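What follows is a short report on a single structure.
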There are 2 protein chains.
Amino acid sequence: MIYADYNGSSPLLTPVREYLKKRLNTDLYANPNAIHSISQKLSRGIEKCREVIAEAVGCYPDQIFFNSGSSEGISHIFHSILDQADAGKKIIITSPIEHSVIPNALAYYEAKKGFTLKQVEIDKDGFVQIASLEKLLNENKGKVAMVTIMAANNETGVIQPYVEMANLCRTHGVEFFSDTTQLIGKGEFNFEKSGLDYAVCSGHKLGALSGSGFVVVKEPPKLSPLVFGSTQERGLRGGTQHYLGIETLAIAMKDFSDNAQKLKALEVEKLKFEADIKKAFPEAVIVGEGAKRLAGTTLIGYPGIHGQAVQIELESHDIFVTTSAACTDNQPETSKVLKAMGVNDQIGRGVIRISLSYSHGEKEYSAMASALKAAYTKLRKIQSF
Amino acid sequence: MIYADYNGSSPLLTPVREYLKKRLNTDLYANPNAIHSISQKLSRGIEKCREVIAEAVGCYPDQIFFNSGSSEGISHIFHSILDQADAGKKIIITSPIEHSVIPNALAYYEAKKGFTLKQVEIDKDGFVQIASLEKLLNENKGKVAMVTIMAANNETGVIQPYVEMANLCRTHGVEFFSDTTQLIGKGEFNFEKSGLDYAVCSGHKLGALSGSGFVVVKEPPKLSPLVFGSTQERGLRGGTQHYLGIETLAIAMKDFSDNAQKLKALEVEKLKFEADIKKAFPEAVIVGEGAKRLAGTTLIGYPGIHGQAVQIELESHDIFVTTSAACTDNQPETSKVLKAMGVNDQIGRGVIRISLSYSHGEKEYSAMASALKAAYTKLRKIQSF
């Protein structure tokens, strides 16, 4: 089996599984906020995990707030910024290629809280145009509550100019959130060097337990609770901590840090795979090809061949991919992200997303190349649209 | 070892551990929202769990929305009700004995959103006075946005008249939320029969994985997202589902349902234990003794002996208890809940909370009685205050 949907979710990492097998035989289960020694051990464990993760992410431990994952993190950050924004700051700048949680959250603030949305321009690779952001910031001086533009796209893997965007926003005194869900654990990232005000992470994208994650906040006092509680996470995220998730997050983050150098080799193999397919099928299109992308992500389409058909063919070879984003791929239509990039339906309805991790390489790409070639050869005889 | 802090958190149940050990050897990890067969299996698994839980809770599957636990559930319900409340409905009725998440959340709505809080009266056992709620509802006709009064108290275990309160609120056309965190999994509960509009559950209180939980909503369209996302949980709670947590929740809820008849025996043993202690130490006070309480909860104090000292003595016998609520027991003061009940500091600073589950009985209570007697005998010679 080749699981090639890491942008959707990662299977539990091997070291995480090994850890959990041992962990299940312990008696270390309690409310980390109680006073007895089991709780105190758990509580110290959480703080140790926070240090390990801070080291891996490039921030201070007290800039990390554990939660249930990126959707909560994004909702929390938006709430913190927008619920307290000055009355005169009613503009939010975003992009047309965000993960659906962003437009869905912003639609609420637009419809219910009187904010106005403005979008930056992107090029044909789905790469955000810095000049466009600068123009919007200049045109709306003093009126912008927040800029929210992702760090790496979940469908194409295109890595956005988040450092430059952070610089620009800082110059303009505007809060900048960049959705780092697809970058952390899949690409080089250092919070402090990035200049970001906020970042988010979902544990399940890295092979930690589902339901775990965190936000990173440059200036923690700016955070206000979305999930109320007691003193957990310094009063800024209530709820008994998902300590098992946090423990596995630390393992996964450390595993990624220790293996980050493998990303280069992964990318080399991916580019060979893409060249191989394009050589065999010159009509195939790799979306976002012209931009820097995540090492293990390929979004590829063949004109007139339906993505779901390709996905099913690959699955018959025990290869698991998706069509565009996991969250929306039940829709047999060109995704909104691709539409915004100007990708036509011939390609847009035909794409599959292949996403691997740093633990993969030549072996997986070679098997996928064979299977994908067989799929295209078979399906182009019976083009579905 | 006797772990007696089930009101704080439950260790993973044995069937949950056994399930997870097997589960860790599978390849069933993916984003449940993707289109390939692994995801579809996970997605069907989630729906199967929803059915199992609905059966155990006494509701329809589509009334359940999975989340990270009760703190999120409560924040979500408050957001859903209060963000959409009519402009003229600015009163919230609550009680002085709620878990800290409730007053902390309400403080936000009071300070930032213009709501006014009113509190019902309680008796010396911390039992909510229905007449007081009725009076408040009558005095504030048409102005009450929500009533939020818990179903069972986390410190004393006192079970509140939530069915009567639900009836009253329905008669007055007022939304009623009852914090069921301590009741579900520890006492008899049926959502439909209860008449509640909303209920919440935290998986870790039942021996499921941390970071899991759900809300139950009588009329789901009343819910509006707190955590934004895609189509997960019918668009009402975003974020890739904590599917491992959900799977263990179903196991834990079923285990509780299958064993609910054991609660009666647990209560009998608890009452024997309490009688035994009071016979040996007539000065000891069991807080909330006059009211119906959760089968496995005892909050007991000895005048002038500090709760933390007792807790430490018991821990030297490998017995793990807390002083009042897990979330606040680092404070060596009488808890707010006990203060509201009129418990004086002589007792209030001296209480320990013993909370067991349906898997316990005579053996644990007998060992705890010996240890607690030894602790009181030792400590009353050196009373700390």
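Numbers restart at 1 for each chain; the letters A, B, ... are given by sequence-line order, proteins then strands. Everything numeric here is computed off the predicted structure, so don't read it as measured data.
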Query raised in the report: How long is the gap from OG on B:S68 to CD on A:Q241, to the nearest 0.5 Å?
Result: 11.5 Å
Query raised in the report: Where is the tightest heavy-atom contact between B:R17 and A:N25, given as atom of each residue plus distance?
Result: NH1-C, 4.4 Å
**Report entry** Region of A:S70 in contact with chain B, defined by heavy-atom distances below 4.5 Å
**Finding:** neither
Report task. Could you check whether the rings of A:F320 and B:H36 sit parallel, tilted or perpendicular, using 30° and 60° as the cut-offs? Result -> perpendicular
Report summary line: Rounded to the nearest 0.5 Å, the CG atom of A:N104 sits from the CZ atom of B:F228 at a distance of 8.5 Å
Query raised in the report: Taking all non-hydrogen atoms of both residues, which atom of B:T322 and which atom of A:A34 are closest, and how far apart?
Result: CG2-CB, 3.6 Å
Query raised in the report: Taking A:N31 for the side chain and B:S9 for the main chain, is one N or O donor matched with an acceptor at less than 3.5 Å?
Result: no
Query - Contact winner vs chain B - A:A105, A:G207, A:G239, heavy-atom pairs under 4.5 Å - result: A:A105
Query raised in the report: Quick one: what part of A:K113 sits under 4.5 Å from any heavy atom of chain B, side chain, backbone, both or neither?
Result: side chain
Query raised in the report: B:L226 versus chain A, heavy atoms under 4.5 Å apart: side chain, backbone, both or neither?
Result: both
Query raised in the report: Hey, which of A:P32, A:P11, A:G229 has the most heavy atom pairs under 4.5 Å with chain B?
Result: A:G229
**Report entry** Heavy-atom proximity to chain A below 4.5 Å, by part of B:E72
**Finding:** both
Query raised in the report: Rounded to the nearest 0.5 Å, what separation is found between the CZ atom of B:R237 and the OG atom of A:S71?
Result: 7.5 Å
Report task. For atom NZ of A:K21, decide whether the heavy atoms of other residues, nucleotides or ligands shown that lie under 6.0 angstrom number more than 12. Result -> yes
Query - Contacting moiety of A:H79, where chain B heavy atoms sit under 4.5 Å - result: side chain
Report task. To the nearest 0.5 angstrom, please state how far the NE2 atom of A:H76 sits from the OG atom of B:S75. Result -> 10.0 Å
Report summary line: When the 4.5 angstrom heavy-atom criterion is applied to A:L24 and chain B, the contacting part is both
Report summary line: Honestly, the part of A:Y6 sitting under 4.5 Å from a heavy atom of chain B is neither
Report summary line: Counting heavy-atom pairs under 4.5 angstrom with chain A, the leader among B:A30, B:G69, B:G238 is B:A30
Requested in this report: Could you have a look at B:I312, B:L209, B:D83 and say which one has the most heavy-atom pairs with chain A under 4.5 angstrom?
Outcome: B:D83
Query raised in the report: Measuring heavy-atom distances to chain B, does A:E315 have an atom under 4.5 Å in its side chain, in its backbone, in both, or in neither?
Result: side chain
Query raised in the report: What is the distance from atom CG of A:D5 to atom CD1 of B:I38, rounded to the nearest 0.5 Å?
Result: 8.5 Å
Report summary line: Whatever's closer than 4.5 Å to a heavy atom in chain B on A:T26 counts as backbone
Query - Stepwise side-chain contact (heavy atoms from CB on, under 4.5 Å) check, B:D27 with A:Y3 - result: CA-CA 9 Å; B:D27 282 325; A:Y3 179 86; over 6 Å; no
**Report entry** Contact winner vs chain A - B:P103, B:G211, B:S37, heavy-atom pairs under 4.5 Å
**Finding:** B:S37
